[in-house]
Amino acid sequence: EPEVTQTPSHQVTQMGQEVILRCVPISNHLYFYWYRQILGQKVEFLVSFYNNEISEKSEIFDDQFSVERPDGSNFTLKIRSTKLEDSAMYFCASSEGQAYRFRTARNQPQHFGDGTRLSIL
Amino acid sequence: AQKVTQAQTEISVVEKEDVTLDCVYETRDTTYYLFWYKQPPSGELVFLIRRNSFDEQNEISGRYSWNFQKSTSSFNFTITASQVVDSAVYFCALSEAQIDAGNMLTFGGGTRLMVKP
């Protein structure tokens, strides 16, 4: 079964450095997402991406963050000037295109990667 | 704004017991989707089920069953004859169903289920 893959599985970075988290979504999926889970807490939405642009972002996703789909397969999350509080598990997810019925979207399930644990020292 | 509440932070049961995980949600949308995800100790998020707001039929999949009640804004998850391998954190999540919306998932705080042998 196709799956979302994320690299690296664990990233250790000095505070203030930039970090890039990488994701390869499922190949026929059109919607891509990043979520964050601080240790022991709930999963929080960061950003969604469709048709080469951000479709929605949360308050967490400020100017420190950016996303990119540099080629046909990778989807990256860049965090600039990392802070201690950026330490978390970062999940990438992807879903198929929406189907429409009665002018609403039929949301396909989001399939998650195994996550990248980011540790800021 | 959307909100998902899982009031049970931790549940401990003995193997073969039945257990129900509660989920209550809030949304202003009339059309929305509800999900359950499992997060085993290894940390990944595993999709379990999706339910849309038009469909209030209960669903059963093996030992898993889901009870969606729109009148009480609840989407509860029952595991019958629990097994040690069911030990995990379970998340309930909600998303809107608007065209061109980002389809962001709003997660509840999760319920840690511990099944003891």
| field | Hydrophobic cluster membership, A:Tyr90 vs A:Val24, 4.5 Å side-chain cutoff | value | no
| query | Taking a hydrophobic cluster as the set of Ile, Leu, Val, Met, Phe, Trp and Tyr residues connected by side-chain heavy atoms closer than 4.5 Å, whether directly or through intermediates, do A:Val43 and B:Leu34 fall within one such cluster? | reply | no
| said: Do A:Phe61 and A:Phe32 sit in one hydrophobic cluster, given that two such residues count as connected whenever their side-chain heavy atoms are within less than 4.5 Å of each other, even indirectly? | reply: yes
| CZ/A:Arg69: more than 12 non-hydrogen atoms of other groups inside 6.0 Å | yes
| message | Nearest 0.5 Å, please: how far is CD in A:Gln37 from CZ in B:Phe107? | response | 8.5 Å
| field | Part of B:Tyr37 lying under 4.5 Å from any heavy atom of chain A | value | side chain
| message | Can you tell me how far apart CG (B:Leu105) and OH (A:Tyr33) are? Round to the nearest 0.5 Å. | response | 7.5 Å
| query | Cluster question for you: counting only ILVMFWY and a side-chain heavy-atom cut-off of under 4.5 Å, with indirect links fine, are B:Tyr33 and B:Tyr64 together? | reply | no
| What closest approach, in Å, do A:Lys42 and B:Gly108 show between heavy atoms, and which atom pair accounts for it? | CB-O, 3.3 Å
| task | Please report the closest heavy-atom contact between B:Phe35 and A:Pro109, naming both atoms and the distance. | result | CE2-CA, 3.9 Å
| query | Can you tell me how far CD of B:Glu44 sits from NE2 of A:His111, rounded to the nearest 0.5 angstrom? | reply | 14.5 Å
| request: Counting only heavy atoms closer than 4.5 Å, note whether B:Gln39 contacts chain A via side chain, backbone, both or neither. | output: side chain
| Hphob cluster co-occupancy, B:Val89 + B:Leu21, side-chain heavy atoms under 4.5 angstrom | no
| With a 4.5 angstrom heavy-atom cut-off, which part of A:Phe49 approaches chain B: side chain, backbone, both or neither? | neither
